Amino acid sequence: MDMTNQKRAPLYEALERFRRQRVVPFDVPGHKRGRGNPELVELLGQRCVGIDVNSMKPLDNLCHPVSIIADAEALAADAFGAAHAFFMVGGTTSAVQAMVLSACKAGEKVILPRNVHKSAINALVLCGAEPVYIDPKVDTRLGIPLGMELADVKKAMEENPDAKALLINNPSYYGICSDLRSLVKLAHEHNMLALVDEAHGTHFYFSDELPVSAMEAGADMASVSMHKSGGSLTQSSLLLTGPAMNAGYVSQIINLTQTTSASYLLMSSLDISRRNLALRGKASFEKVARMSEYARREINDIGGYYAYGRELINGSSVYDFDVTKLAVLTSSIGLAGIEVYDMLRDEYDIQIEFGDISNILAYISIGDSLQDIERLVGALSDIARQYAAPKKDIFSAEYISPKVCASPQAAFYADKESLPLKETCGRICAEFVMCYPPGIPILAPGEMITDEILDYIIYAREKGCSMQGPESLDISRLNVLKEGTY
């Protein structure tokens with residue numbers, strides 16, 4: 001990394017120059033630097049709306065960057081050890097979809113763990129590629145899916161030698177990491193691309209004490225959520241590519257779906273955040289790791305809860321662990337994770353990332369402080385003292401292995417009918433059902449609906465999980481394939 005160049009922020013600097021020029025706007029956006037929308041100025045401030053501008057020659061164009069955006073992307077590539085970096089303004093969802101669409105065409109296969117984010121399966125709906133799912137091992141005590149094991153991936157590759165790519169989570173929402181270096185090597189030995197969903201791994205690039213990053217492991221593409229642990233504005237992300245990828249073709253793929261009116265607020269936040277991480281990321285993330293480990297010890301000292309960490313590492317399904325992820329098992333005190341989530345928000349004014357059936361996740365990042373950690377620990381102690389109950393029999397896993405009967409695209413666009421939820425057992429689902437976050441589908445198009453899955457959906461809905469996916473907003477009905485169509 002060239003630390004001298006990393007002190008620059010070309011996009012941000014160009015916006016500052018533009019702001020001082022007081023250019024008369026006869027272009028979009030129509031609020032005209034806020035003059036047409038005073039309430040927007042009151043909400044965001046004049047400095048913010050003043051640089052909410054459209055693409056123009058002095059400010060380059062994200063669809064075909066040739067000047068300051070190209071310079072900013074080159075600095076991002078250098079900071080992250082990539083051959084090329086693309087600024088993404090549609091979130092990491094658009095980056096994941098660009099990876100899949102760049103690697104696979106209709107009818108071609110991609111190998112991926114079934115506990116992927118919905119964006120990856122959505123990409124299969126869009127392009128018609130065929131999934132080869134690897135069912136992850138499950139930690140039944142914690143109720144979470146683990147990483148991909150090398151033997152399972154190798155078996156899938158040998159059975160599907162025509163697959164074009166392998167997609168890997170690094171890490172999972174819960175901090176679980178697979179053996180990334182070995183998986184990338186395995187993919188390349190089988191002439192497949194290695195694609196990495198690194199939505200929760202931005203910080204891996206800036207610390208030697210954290211798990212290996214995708215680019216360091218030799219991956220071909222990686223989707224990096226700068227807005228999560230990297231500090232940029234929500235919806236801003238990076239798509240990184242290795243030397244084997246044709247950056248021009250990837251750019252064409254991105255432009256199939258990405259907006260032609262890219263937000264300069266989002267792009268400049270990527271530029272500034274990249275500079276911040278390049279200059280101060282190592283020290284910042286070492287601090288984040290220390291705070292997370294401190295929180296883990298304090299929560300475990302409460303009794304009842306289990307804040308898990310590196311002790312889970314077993315060399316296979318948990319090859320490494322991201323210690324910045326503060327995931328806590330709550331079912332051990334008789335409370336579902338979503339119940340503790342609601343209590344923290346409603347009674348203690350603490351907003352955590354999510355609560356699922358068995359766990360909560362508090363996202364610790366460069367913006368947190370020890371005072372915040374102490375407040376969270378104190379609230380969890382209060383909840384345990386006031387509401388702990390004998391452990392109940394609840395679902396043993398956040399992930400239930402599906403039976404895939406049709407491709408996501410074929411099922412999504414097939415003739416379908418709507419049935420009451422409890423009447424769908426044995427039918428093939430034609431839509432998604434998931435708790436969000438984390439956004440891992442319980443059901444995806446083309447999968448058989450079983451009693452176990454229905455029980456899980458009903459339980460999660462009753463506990464207050466935010467259920468998304470179906471046309472039926474209250475999840476009382478599901479779209480299923482018409483009989484005789486499969």
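Because the structure is a prediction, the values reported are computed rather than measured. Both backbone and side-chain heavy atoms feed into the values below; hydrogens, waters and symmetry mates do not.
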Evaluate the criterion side-chain hydrogen bond (donor to acceptor under 3.5 Å, both in side chains) for residue pair Gln6 and Arg274; output intermediate values, then yes/no.
CA-CA 8 Å; Gln6 287 298 326; Arg274 179 273 312 156; 3.0 Å; yes
Assess the residue pair Val153 and Ile168 against the criterion (side chain to side chain contact (heavy atoms under 4.5 Å, CB included)); give the C-alpha distance rounded to whole Å, side-chain angles, the decisive distance to 0.1 Å, and a yes or no.
CA-CA 10 Å; Val153 175; Ile168 310 155; over 6 Å; no
Worked verdict on Asp356 versus Tyr174 for side-chain hydrogen bond (donor to acceptor under 3.5 Å, both in side chains)
CA-CA 11 Å; Asp356 56 36; Tyr174 302 91; 2.4 Å; yes
Residues Leu62, Val89; criterion side chain to side chain contact (heavy atoms under 4.5 Å, CB included); working and verdict:
CA-CA 9 Å; Leu62 184 61; Val89 294; 4.2 Å; yes
Take Ser67 and Asp60, measure what side chain to side chain contact (heavy atoms under 4.5 Å, CB included) needs, and give me the verdict at the end.
CA-CA 6 Å; Ser67 58; Asp60 210 353; 3.2 Å; yes
Should Gln409 and Leu124 be marked as a side chain to side chain contact (heavy atoms under 4.5 Å, CB included) after you check the CA-CA gap, both sets of side-chain angles, and the distance that decides it?
CA-CA 6 Å; Gln409 186 183 67; Leu124 304 181; over 6 Å; no
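Of the possible polar contacts, none joining the Thr241 side chain to the Ala247 backbone as a donor-acceptor pair under 3.5 Å is found. Listed for the Glu311 side chain is a donor-acceptor partner under 3.5 Å among the backbone atoms of Gly309. Side chain of Gln258 to main chain of Asn255: no donor-acceptor pair is present (N/O by atom type, distance under 3.5 Å, no hydrogens or angles). With Asp220 contributing its side chain and Ala194 its backbone, the two residues share a donor-acceptor pair below 3.5 Å. Asn169 places no side-chain N or O within 3.5 Å of a backbone atom of Pro171 that could act as its donor or acceptor partner. Proximity of a side-chain donor or acceptor of Asn276 to a complementary backbone N or O of Ile272 within less than 3.5 Å is not detected. Side-chain atoms of Asn37 never come within 3.5 Å of backbone atoms of Gly34 as a donor-acceptor pair (strictly under, hydrogens ignored). Not a single donor-acceptor pair under 3.5 Å links the side chain of Thr92 to the backbone N or O of Ser237. Checked by atom type and distance alone, the side chain of Ser269 never pairs as donor or acceptor with a backbone atom of Ser232 at under 3.5 Å. Judged by distance alone, with hydrogens and angles left aside, the side-chain atoms of Ser94 form a donor-acceptor pair with the main-chain N or O of Gly91 at under 3.5 Å.
With values rounded to the nearest 0.5 angstrom, Leu146 atom CG is found 9.0 Å from Ser178 atom OG. The CD atom of Glu73 lies 10.0 Å from the CG atom of Asp271; values are rounded to the nearest 0.5 Å. For the atom pair CG of Leu361 and CG of Leu326, the computed distance is 7.0 Å after rounding to the nearest 0.5 Å.
In this structure, the side chains of Thr324 and Phe285 stay at 4.5 Å or more apart for every pair of heavy atoms. Residues Met245 and Met221 have side chains in contact (heavy-atom distance under 4.5 Å, counting atoms from C-beta outward). In this structure the side chain of Ile338 never reaches within 4.5 angstrom of the side chain of Ile357, judged on heavy atoms. Looking at heavy atoms from C-beta onward, Leu265 lies in side-chain contact with Cys48 at the 4.5 angstrom threshold. At a threshold of 4.5 Å between non-hydrogen side-chain atoms, the residues Gln371 and Leu376 do not count as touching.
Annotation for Lys32: atom NZ counts as buried by contact number, over 12 foreign heavy atoms lying within 6.0 Å. In this structure, Tyr308 places its OH atom where more than 12 heavy-atom neighbours from other residues, nucleotides or ligands lie under 6.0 Å away. Enclosure of atom NZ in Lys164 is not indicated, since only 12 or fewer non-hydrogen atoms of other residues, nucleotides or ligands lie within 6.0 angstrom. More than 12 non-hydrogen atoms from other residues, nucleotides or ligands lie less than 6.0 angstrom from CD of Gln46.
Across Tyr436, Phe354, Tyr363, a single residue satisfies ring pair (Phe, Tyr, Trp, His ring centres under 6.0 Å) together with Tyr173, and that is Phe354. When each of Val41, Val24, Val53 is tested with Arg33 by the rule side chain to side chain contact (heavy atoms under 4.5 Å, CB included), just one qualifies, namely Val53.
The ring-ring contact (aromatic ring centres under 6.0 Å, His included) contacts involving residues 34-90 comprise Phe80-Tyr205, Phe80-Phe206, His84-Phe86, where partners must be two or more places apart or lie in separate chains. Pairs passing the salt bridge (charged side-chain N to carboxylate O under 4.0 Å, His left out) check and including a residue from residues 186-211, sequence neighbours excluded, read Lys185-Glu189. For residues 146-162, the salt bridge (charged side-chain N to carboxylate O under 4.0 Å, His left out) pairs, not counting sequence neighbours, are Lys109-Asp162, Lys137-Glu149, Lys137-Asp152, Lys155-Glu159. Pairs passing the ring-ring contact (aromatic ring centres under 6.0 Å, His included) check and including a residue from residues 226-267, sequence neighbours excluded, do not occur.
Applying the side-chain contact (heavy atoms from CB on, under 4.5 Å) criterion to Arg8, with sequence neighbours excluded, gives Asn5, Pro10, Glu13, Asp71, Leu75. Partners of Arg181 according to the salt bridge (charged side-chain N to carboxylate O under 4.0 Å, His left out) rule, which considers only residues two or more places apart in sequence or in another chain, are Glu216. For Asn191, the side-chain contact (heavy atoms from CB on, under 4.5 Å) criterion is met by no residue, not counting sequence neighbours. Not counting sequence neighbours, the partners of Lys287 by the side-chain contact (heavy atoms from CB on, under 4.5 Å) test are Arg290, Met291. Residues passing the side-chain hydrogen bond (donor to acceptor under 3.5 Å, both in side chains) test with Tyr294, sequence neighbours excluded: Glu374. For Leu101, the side-chain contact (heavy atoms from CB on, under 4.5 Å) test picks out Ala123, Cys127, Ile253, with sequence neighbours left out. Remark: Arg17 pairs with no residue by the salt bridge (charged side-chain N to carboxylate O under 4.0 Å, His left out) rule, at least two apart or across chains. Every residue meeting the salt bridge (charged side-chain N to carboxylate O under 4.0 Å, His left out) condition with Arg310, not counting sequence neighbours, appears here in chain and number order: Asp320.
No side-chain donor-acceptor contact under 3.5 Å links Ser119 and Asn122. There is no side-chain donor-acceptor pair under 3.5 Å between His200 and Asp322. Under the 3.5 Å distance criterion, with hydrogens and angles disregarded, a donor-acceptor pair is assigned to the side chains of Tyr341 and Gln351.
Centroid-to-centroid, the aromatic rings of Phe412 and Phe432 stay 6.0 Å apart or farther.
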